[in-house]
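Notes follow the structure.
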Amino acid sequence: MNNVIERYRDMEDEYGMERTLTDSEITSVLHLIPVIYYGCLVTSVVMCGENEKIDPQQMDREHDWLMRWREACNKLI
């Protein structure tokens with residue numbers, strides 16, 4: 001998670017050389033990342049088909065990631 005925050009700060013620093021991000025833009029970027037992440041997850045589940053069982057523990061790990069992401073975002077904003 002810290003690596004993600006570092007990458008975000010790197011992006012913000014580089015982008016900031018051209019233009020300052022507004023609070024709205026920062027929030028949008030932070031919320032877009034889990035949307036993309038879960039879009040990829042859903043695609044993987046769908047591609048497995050009906051014959052594959054979804055691992056509940058994996059879904060718990062995905063949920064845990066989302067909660068940790070939310071905490072990290074709250075620290076940034």
Side-chain angles (χ1 to χ4, degrees):
M1 187 61 61
N2 289 335
N3 191 32
V4 172
I5 293 171
E6 289 172 17
R7 296 293 70 83
Y8 172 79
R9 287 188 175 143
D10 290 345
M11 182 277 301
E12 185 179 27
D13 289 344
E14 291 293 321
Y15 187 81
M17 291 180 188
E18 297 295 323
R19 183 175 166 276
T20 303
L21 289 171
T22 66
D23 290 345
S24 177
E25 289 170 328
I26 292 169
T27 302
S28 296
V29 169
L30 295 175
H31 291 303
L32 182 61
I33 290 169
V35 170
I36 293 169
Y37 181 84
Y38 274 86
C40 293
L41 178 64
V42 168
T43 301
S44 297
V45 169
V46 168
M47 290 179 71
C48 287
E50 295 178 12
N51 297 331
E52 297 288 328
K53 290 189 177 185
I54 297 171
D55 180 6
Q57 291 177 343
Q58 179 64 30
M59 293 297 107
D60 288 344
R61 286 189 294 274
E62 302 299 343
H63 181 263
D64 181 58
W65 178 88
L66 182 61
M67 295 300 104
R68 288 185 291 122
W69 178 257
R70 185 173 67 176
E71 284 179 31
C73 289
N74 287 338
K75 291 177 184 176
L76 286 173
I77 296 176

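Worth knowing before you read on, the calculation uses all heavy atoms, side chains too, and leaves out hydrogens, waters and symmetry mates.
Under the 4.5 Å side-chain heavy-atom criterion for grouping Ile, Leu, Val, Met, Phe, Trp and Tyr, Ile36 is not connected to Leu66 through any hydrophobic cluster. Note on Leu41 and Met67: same hydrophobic cluster, where clusters join Ile, Leu, Val, Met, Phe, Trp and Tyr whose side-chain heavy atoms are under 4.5 Å apart, directly or indirectly.
By the salt bridge (charged side-chain N to carboxylate O under 4.0 Å, His left out) test, Asp55 is found to be paired with Arg61, residues two or more places apart in sequence or in another chain being considered. Under the rule for a side-chain contact (heavy atoms from CB on, under 4.5 Å), the partners of Thr22 that lie at least two apart in sequence or sit in another chain are Ser24, Glu25. In terms of the salt bridge (charged side-chain N to carboxylate O under 4.0 Å, His left out) criterion, residue partners of Asp64 (sequence neighbours excluded) are, by chain and number, Arg68. Taking the ring-ring contact (aromatic ring centres under 6.0 Å, His included) definition, one finds that Tyr37 meets it with Trp65, sequence neighbours left out.
Interatomic distance, NE2 of His31 versus CZ of Arg70, reported as 10.5 Å (0.5 Å rounding).
Environment of CG in Asp60: crowded, with over 12 heavy atoms of neighbouring residues, nucleotides or ligands closer than 6.0 Å.
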